[in-house]
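Counting starts at 1 for both ligands and their atoms, following the listed order. Quick note: residue numbers are just sequence positions, from 1.
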Amino acid sequence: MRLIFLGPPGVGKGTQADLIAKKYSISKLSTGDLLRESVDKRTPLGNEAKNFMERGELVPDDVVIGLVEEKLVSPECRNGFLLDGFPRTVAQANKLSSFLEGKGETIDRVVYFSLPQTDIIKRIGGRRSCPQCKAVYHLESIPPKEDGICNICGSALIQRSDDKPETIQSRLAVYQNQTKPLIQFYKDKGILFELDGSGVVAGVRDRLVALLSQLG
Ligand code: AMP
């Protein structure tokens with residue numbers, strides 16, 4: 001199974017991607033996570049990406065495409081994969097199509113997560129993450145058992161610097177201008193399915209599992 005999760009930042013793609021990757025034993029590739037890891041490790045790629053990410057802008061296509069292609073040829077993706085946060089531009093989507101074509105593969109489905117903008121802003125504003133094990137929480141909908149502390153590894157939770165109000169607006173504008181055209185791109189290919197991203201995590205997961213199993 002080869003899937004893409006598409007949608008604005010904060011819509012819940014990452015949370016659902018973890019659940020679905022586990023359920024179907026496929027590899028989750030989140031370009032946001034990969035880039036943050038490179039920034040933390042201060043690799044040359046991370047140093048290049050850092051400023052773009054802090055401003056809420058997209059990292060240049062060639063940097064991200066290189067990162068994804070490297071992962072897609074690795075054994076962990078043999079069973080299939082789920083792309084979370086990639087592609088984000090039409091150039092990335094075209095590059096992905098030709099890369100997969102070269103391997104005789106295609107994307108099976110693109111799930112487009114939809115959510116009203118007011119809910120998106122609430123979700124991003126309340127998001128907290130663990131800098132250590134990368135678990136993601138929400139102050140209201142997925143609170144940690146102990147205030148500010150990761151349930152899994154006990155580290156102090158943080159707010160991602162690009163989740164702060166001043167950066168959220170530019171990320172949403174970038175989504176509108178550069179990523180939203182991908183909805184039509186994949187609609188034209190006949191593989192886009194829209195999912196209502198509202199409500200609690202378990203509810204969205206149930207709708208998503210129903211959608212994926214319905215499609216065979
Ligand atoms: P995310 O965790 O998916 O919200 O991504 C966080 C940040 O990483 C984005 O705001 C971008 O700066 C960068 N990023 C993640 N995925 C991509 C991508 N496919 N293309 C360009 N930049 C990306």
Fill in: For Phe113, all residues meeting ring-ring contact (aromatic ring centres under 6.0 Å, His included), sequence neighbours excluded
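With sequence neighbours excluded, Phe113 shows a ring-ring contact (aromatic ring centres under 6.0 Å, His included) to Phe5, given in chain and number order.
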Item to complete: Report yes if some N/O of Gly85 lies less than 3.5 Å from some N/O of ligand 1; otherwise report no.
Response: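 For ligand 1, there is an N or O atom that lies under 3.5 Å from one belonging to Gly85.
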Practice prompt. Salt-bridge test for Arg171 and Asp163: reply yes if a basic N is under 4.0 Å from a carboxylate O, no otherwise.
Written response: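 Counted as a salt bridge, because a side-chain N and a carboxylate O are separated by less than 4.0 Å.
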Shortest protein contact, [atom] (heavy atom only):
atom                    : value
atom 20 (N) of ligand 1 : Gln92 NE2, 2.9 Å
atom 14 (N) of ligand 1 : Leu35 CD1, 3.4 Å
atom 16 (N) of ligand 1 : Thr31 OG1, 2.8 Å
atom 11 (C) of ligand 1 : Glu57 O, 3.5 Å

Worksheet item: Can you tell me if Glu194 and Ser114 form a side-chain donor-acceptor pair at under 3.5 Å?
Response: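 Glu194 vs Ser114: donor-acceptor pair found between side chains.
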Worksheet item: Say you draw a straight line from CD of Gln132 to CD1 of Ile158; how long is it, rounded to the nearest 0.5 Å?
Response: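 With rounding to 0.5 Å, CD (Gln132) is 10.5 Å from CD1 (Ile158).
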For [X], the ligand 1 atoms whose distance to one of its heavy atoms is below 4.0 Å:
X      : value
Asp162 : 6 (C)
Leu58  : 21 (C), 22 (N)
Val64  : 18 (C), 19 (N), 20 (N), 21 (C)
Arg171 : 4 (O), 10 (O)

Test of understanding: given a 4.0 Å heavy-atom threshold, classify the contact between [X] and ligand 1 as side chain, backbone, both, or neither.
X      : value
Thr89  : neither
Arg160 : side chain
Val59  : both

Worksheet entry | Contact summary for Tyr175 and Pro9, nearest pair of heavy atoms |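 Looks like CB-CD, 4.0 Å.
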Item to complete: Decide whether a cation-pi geometry holds between Arg88 and Phe86; the criteria are a distance under 6.0 Å from NZ or CZ to the six-membered ring centre and an angle within 45° of the ring axis.
Response: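 Arg88 over Phe86 ring: no.
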Worksheet item: Can any side-chain N or O of Lys41 pair as donor or acceptor with the backbone N or O of Gly46 at less than 3.5 Å?
Response: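 Not a single qualifying donor-acceptor pair exists.
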Discussion item. Within the 4.5 Å heavy-atom criterion, are Ser38 and Thr43 side-chain neighbours or not?
Written reply: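 Contact flag for Ser38/Thr43 side chains = yes.
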Discussion item. Can you confirm whether Asp18 sits close enough to Asp84 that some side-chain heavy atom of one is under 4.5 Å from a side-chain heavy atom of the other?
Written reply: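 Not touching, per the 4.5 Å side-chain cut-off.
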Discussion item. Against ligand 1, does Arg36 come closer than 4.0 Å with any heavy atom?
Written reply: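 In this structure, Arg36 qualifies as a contact of ligand 1 - some heavy atom is under 4.0 Å.
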Discussion item. Please state which option from Lys13, Met53, Arg88, Arg127 has its nearest heavy atom closest to atom 1 (P) of ligand 1.
Written reply: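 Nearest heavy atom to atom 1 (P) of ligand 1 lies in Arg88.
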